[in-house]
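Reckoned from all heavy atoms, side chains included, excluding hydrogens, waters and symmetry mates.
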Amino acid sequence: MPDLSFKQANALYIHFPFCSSKCPYCDFYSVKYSKKRVDLYWFALFMELEELSQKVDNNLLQTIYFGGGTPSLVPTFYIKEMIKLIRKRFRVTPTAEITAEVNPASINEEKIVALKRAGINRLSVGIQSFNDHHLSFLGRESSGEKNKKILNLVNNYFNNYSADLIFALPNQTLNELKKDLETLLSFKPPHISLYNLEIHENTPFYKRYNRGELKLPAEELDAEMYEFALEQLTAADYQHYEISNFAQRAYRARHNYIYWLFEPYLALGPGAAAFDGSCRSENIADLNHYLKYYNPEKLSFKEIIENNQLLDSVKKFNPNPEIKIRNLNCLSKKEQMAEYSFLALRTSAGIFYHQFYRKFDLEFKLVYKDEIKELKSSKLIKEGNERIYLTEKGKELANEVFLKFLLD
């Protein structure tokens, strides 16, 4: 079976699949937190890092991202050691963005300080709401007051962080969204991610939705909420640089931007996906399977670190040849052009014709002549300065736009 081969790797994503409890709307792979399995898992992560580092020619990393799951559950000691090993195996730019997702329910001042000392220079804070009723509905273990306290602490120690907010919740009113936005903006976070609630398959919400027990707001109210949020964030001097993301100047999410620019990135952990520029791979989303493949030593992680035996332990990596660890999907040129197009259209910059030509040696306006004509007539895209980009209407109906590029 062919495998990934990276001429370069601009970003590295590390998946931490443990949660104290599963949020009913989340479709990311996660399992119940277990200290014993965290120890084994961290060994396996180091082994996968060692394995993937051999597949990269130009190993200059611009971003590192610890996502999940709930990375803030793990002792920061693990994260510190992971960053140290990454720096040994890769060249990390001096200005690299190193992000960790944190849940307000599993973070405190001591851990915030420890994350910064470990090498994290950006946090992504899962606020979601300040309304206790909506937080309970979303399965969040934090409260509105706890969320405020955490944002105050984060402001004290980090000048670069993002806060997530979810809207269009069942029974949520426009006034409740206004209050959430007002509260969030009072902290002046450098970056805000704003998502309407989506119902994903294989989640508890999906089952409830299919049984008719969960009703989302009408499309008109969803659109009204989104438009209101745009007005408020624009007035507060946030740049709407991607459909769901807003940033103060110089605080765009550089890691996510690598995804949107169709650039290569590495990924570690079960369920994590990587891209080498033409092929995508996704690790099988099964922690037990992952541990069987890497077969980490059942030793104390901390003792091995303290005795400087980590690299020796990692080099003993001897995978089980009968176990398949990841699935590979190599994209045709047509598929690459389609993905490049809809990912670029997510951003405010849109698609520059000269960049498309440089990448694919084809004229965008010829390849997608019919799609451009139809989308312009529907007022979903605009054309100018040798590029196309979404209109405000196009942003609200973005999925309809993207489908035009994905369908034959």
So, Asn283 versus Arg326: side-chain donor-acceptor pair below 3.5 Å or not? yes
Residues two or more places apart in sequence or in another chain: which of them pass side chain to side chain donor-acceptor pair (under 3.5 Å) with Arg37? Asn288
Could you tell me whether the side chains of Thr203 and Asp27 share a donor-acceptor contact shorter than 3.5 Å? no
On the 0 to 90° scale, with breaks at 30° and 60°, tag the Phe18-Tyr41 ring pair as parallel, tilted or perpendicular. perpendicular
Could you work out, with side chain to side chain contact (heavy atoms under 4.5 Å, CB included) as the rule, every residue matching Asp222, not counting sequence neighbours? Phe167, Ala168, Asn196
Any salt bridge linking Glu81 with Arg87? Criterion: basic side-chain nitrogen under 4.0 Å from a carboxylate oxygen. no
Summary of salt bridge (charged side-chain N to carboxylate O under 4.0 Å, His left out) pairs that have at least one residue in residues 190-216, sequence neighbours excluded: Arg211-Glu213
Identify which one of Val74, Thr99, Ile83 satisfies the side-chain contact (heavy atoms from CB on, under 4.5 Å) criterion when paired with Phe66. Ile83
Find out whether Met82 and Ile86 are in side-chain contact, i.e. whether some heavy atom of one side chain is under 4.5 Å from a heavy atom of the other. yes
Tell me every residue that passes side chain to side chain donor-acceptor pair (under 3.5 Å) with Glu182, counting only those two or more places apart in sequence or in another chain. none
Show me, pair by pair, the donor-acceptor contacts under 3.5 angstrom made by side chains of residues 349-358, not counting sequence neighbours?
from	atom 1	to	atom 2	distance (Å)
Tyr353	OH	Glu383	OE2	2.7
Tyr357	OH	Asp361	OD1	3.3

Which residue is it: His255, Glu263, Arg254? I am looking for the one with a side-chain hydrogen bond (donor to acceptor under 3.5 Å, both in side chains) to Asn10. Glu263
List the residues meeting side chain to side chain donor-acceptor pair (under 3.5 Å) with Glu227, not counting sequence neighbours, and say none if there are none. none
What pairs with Leu60 under side chain to side chain contact (heavy atoms under 4.5 Å, CB included), at least two apart in sequence or on another chain? Asn58, Arg91, Thr93
Leu261 side, atom CG; Lys359 side, atom NZ - distance, nearest 0.5 Å: 9.5 Å
Indicate yes or no: does Lys148 engage Glu145 in a salt bridge with an N to O separation below 4.0 Å. yes
dist Leu375:CG -> Ile388:CD1 (nearest 0.5 Å) comes out at 7.0 Å
Verify whether one side chain among Glu97 and Tyr65 offers a donor that lies under 3.5 Å from an acceptor in the other. no
Rounded to the nearest 0.5 Å, what's the gap from CH2 on Trp260 to CZ on Phe342? Could you check? 13.0 Å
Under 3.5 Å, is there a donor-acceptor pair between the side chain of Asp276 and the main chain of Ser278? yes
The ring pair (Phe, Tyr, Trp, His ring centres under 6.0 Å) partners of Tyr206 (sequence neighbours excluded) come to none
Centroid-centroid distance, Phe275 to Tyr259, less than 6.0 Å: no
How about Ile192 and Asn245: do any of their side-chain heavy atoms sit closer than 4.5 Å? no
Worked verdict on Ile127 versus Asp164 for side chain to side chain contact (heavy atoms under 4.5 Å, CB included): CA-CA 5 Å; Ile127 294 298; Asp164 292 355; 5.7 Å; no
Nearest-0.5 Å distance, CD of residue Gln172 to CG of residue Leu197: 9.5 Å
Residues at least two apart in sequence or cross-chain that pass ring pair (Phe, Tyr, Trp, His ring centres under 6.0 Å) with His240, listed by chain then number, are Phe246
Does a side-chain heavy-atom distance below 4.5 Å link Leu343 with Phe402? no
Set of side chain to side chain contact (heavy atoms under 4.5 Å, CB included) partners for Ser106, sequence neighbours left out: Thr70, Ser72, Leu73, Asn103
Who are the ring pair (Phe, Tyr, Trp, His ring centres under 6.0 Å) partners of His15, not counting sequence neighbours? Tyr13
Hits for side chain to side chain contact (heavy atoms under 4.5 Å, CB included) against Ser348, two or more places apart or cross-chain, chain-then-number order -> Tyr241, Arg252
Taking the side chain as everything from C-beta on, heavy atoms only, tell me whether Cys19 gets closer than 4.5 Å to Tyr33. no
